[in-house]
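What you see below is based on every heavy atom in this structure, not just the backbone, and it leaves out hydrogens, waters and symmetry mates. Remember, predicted model here, so these are calculated numbers, not experimental data. Each ligand, and each atom within it, is numbered from 1 in the order the structure gives.
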Amino acid sequence: MNSRLDKHHLLLSLVVPVFNEQETIDFFIEKISSVFSQEEQLTVEMIFINDGSTDETLERLIKRQQTDQRIKIVDLSRNFGKEAALTAGLDIASGEVVVPIDVDLQDPPELILEMIQLWREGYEVVLGKRVNRSSDHWLKRVTASWFYRIHNKIASPKLPVNVGDFRLMDRCVVDAIKKLPESHRFMKGLFAWVGFKTACVDYVRPERIAGSTKFNGWKLWNFAIEGLTSFSTAPMRTWIYIGFLVAFPSFIFSIFILFRVLIFGIDVPGYASIMVAVTFLGGLQLIGIGVLGEYLGRTYMESKRRPIFLIRQIY
Ligand code: UDP
Ligand code: MG
């Protein structure tokens, strides 16, 4: 018999990274209160990670905390990014089940009740899966779908498609993630990497309740590169094949030229073909060096062993 079924009391930790979210915090806390007010065998703790906000976010959180014991605040020393903030939150979370969730109510808290139901049935991870992305800009939808396609072709383990950070994790999963030492933290990838018994609940992703998105196109592009290079060396390996592909015809061609010179004598015109070869190969080499540089850079940053985030204070 599954011991989770007759579990009397359950501590649920919500891990909520916040970066300039003064408009959304109150909505979020109200919503959590209303969703969980009926759940008597459930205690909720909300861990807000203030990721270097420059607005009133921290002040508002502190004010709310005075009347609400469920709130914990981790104030980071600057903006470390959502992945680092999530890492900080998972470190502090003490719940038996942990749910990373966005503060803008794009991850509907009602869904957590369904997730807990599946957890009680024995699943260790319950993913929130976006069934449609109509609240996203078309460009984001297209690029996201390409990202998943490419990532899942070349990287392992595969990322579940259209699943963000919103998911329920059992304590054993969180402990496993905390053991991963890398400082480049592509959380979606790490979550997938640890595995465990996984179920899914579908939801339609609503629009942001207030405020504006913190991820613009350039940040998402870098995020995608981060994801690909964190979990695959295929972009680097590709260069071996591109190298062969270019070198082999070149070799044949050079033999051909050599024989032509030996048989027909020296033939001066050839400027165009030389220029094409030089510039094309030069370009290819630069791209190749760029890819190598990306990995070398990552190795370099990783080798510094700097902490992933710094905490100013915990409230
Ligand atoms: N966030 C963060 N640090 C950052 C950027 C975002 O902690 O550097 C938080 C943000 O406050 C929100 C969550 O990550 O709670 C998701 O951000 P957002 O809603 O802007 O992303 P989107 O939903 O547009 O992908
Ligand atoms: Mg959002």
### Query
Does Lys197 pair with Asp170 as a salt bridge, N-O distance under 4.0 Å?
no

### Query
Any salt bridge between Asp51 and Lys82, counting N to O under 4.0 Å?
no

### Query
Between Gln65 and Ile71, is there a donor-acceptor pair closer than 3.5 Å when you use the side chain of the first and the backbone of the second?
yes

### Query
Within the distance-only criterion (no hydrogens, no angle test), does the side chain of Gln106 pair as donor or acceptor with the backbone N or O of Arg205 below 3.5 angstrom?
no

Indicate whether any N or O donor in one side chain lies under 3.5 Å from an N or O acceptor in the other, for [X] and [Y].
X	Y	value
Ser33	Arg70	yes
Ser77	Arg312	no
Thr198	Glu124	no

### Query
Heavy-atom contact under 4.0 Å between Lys219 and ligand 1?
yes

Please state which protein non-hydrogen atom is closest to [atom] and give its distance, to 0.1 Å?
atom	result
atom 17 (O) of ligand 1	Phe215 CE1, 3.8 Å
atom 3 (N) of ligand 1	Asp51 OD2, 2.6 Å
atom 13 (C) of ligand 1	Asp102 OD1, 3.5 Å
atom 23 (O) of ligand 1	Gln106 OE1, 2.8 Å
atom 1 (N) of ligand 1	Phe19 CB, 3.9 Å
atom 14 (O) of ligand 1	Lys82 CD, 3.3 Å

### Task
Could you label the plane-to-plane angle of the Phe223 and Phe215 rings as parallel, tilted or perpendicular, counting under 30° as parallel and over 60° as perpendicular?
tilted

### Transitive ILVMFWY side-chain link Met115 to Ile32, under 4.5 Å
yes

#### Entry: NZ or CZ of Arg141 within 45° of Trp138 ring axis and under 6.0 Å
no

#### Entry: Nearest-option assignment for atom 10 (C) of ligand 1, heavy atoms, candidates Lys140, Lys214, Glu21
Glu21

### Query
Does any N, O or S atom in Asp102 come within less than 2.8 Å of the Mg ion (ligand 2)?
no

### Message
Looking at the Mg ion (ligand 2), is there an N, O or S atom belonging to Thr213 that lies under 2.8 Å away from it?
### Response
no

Atoms of ligand 1 close to [X] [distance to a heavy atom under 4.0 angstrom, numbered from 1]:
X	value
Arg205	23 (O)
Val18	7 (O), 11 (O)
Asp104	19 (O), 23 (O)
Arg208	18 (P), 19 (O), 20 (O)

#### Entry: Sub-4.5 Å side-chain heavy-atom contact between Arg167 and Val99
no

### Ring centres under 6.0 angstrom apart (Tyr123, Phe196)
no

Side chain, backbone, both or neither: which applies to [X] and ligand 1 if a contact is any heavy-atom pair less than 4.0 Å apart?
X	answer
His137	neither
Asn79	side chain
Thr213	both
Glu83	neither

### Query
Between atom CZ of Arg60 and atom CG of Asp26, what is the distance when rounded to the nearest 0.5 Å?
6.0 Å

### Task
Could you tell me whether some N/O pair between Pro17 and ligand 1 is separated by less than 3.5 angstrom?
yes

### Message
Side chain or backbone, does Ser212 bring an N or O within less than 3.5 Å of an N or O on ligand 1?
### Response
no

### Query
If you check every N/O/S atom of Asp104, which is the one nearest the Mg ion (ligand 2)?
OD2

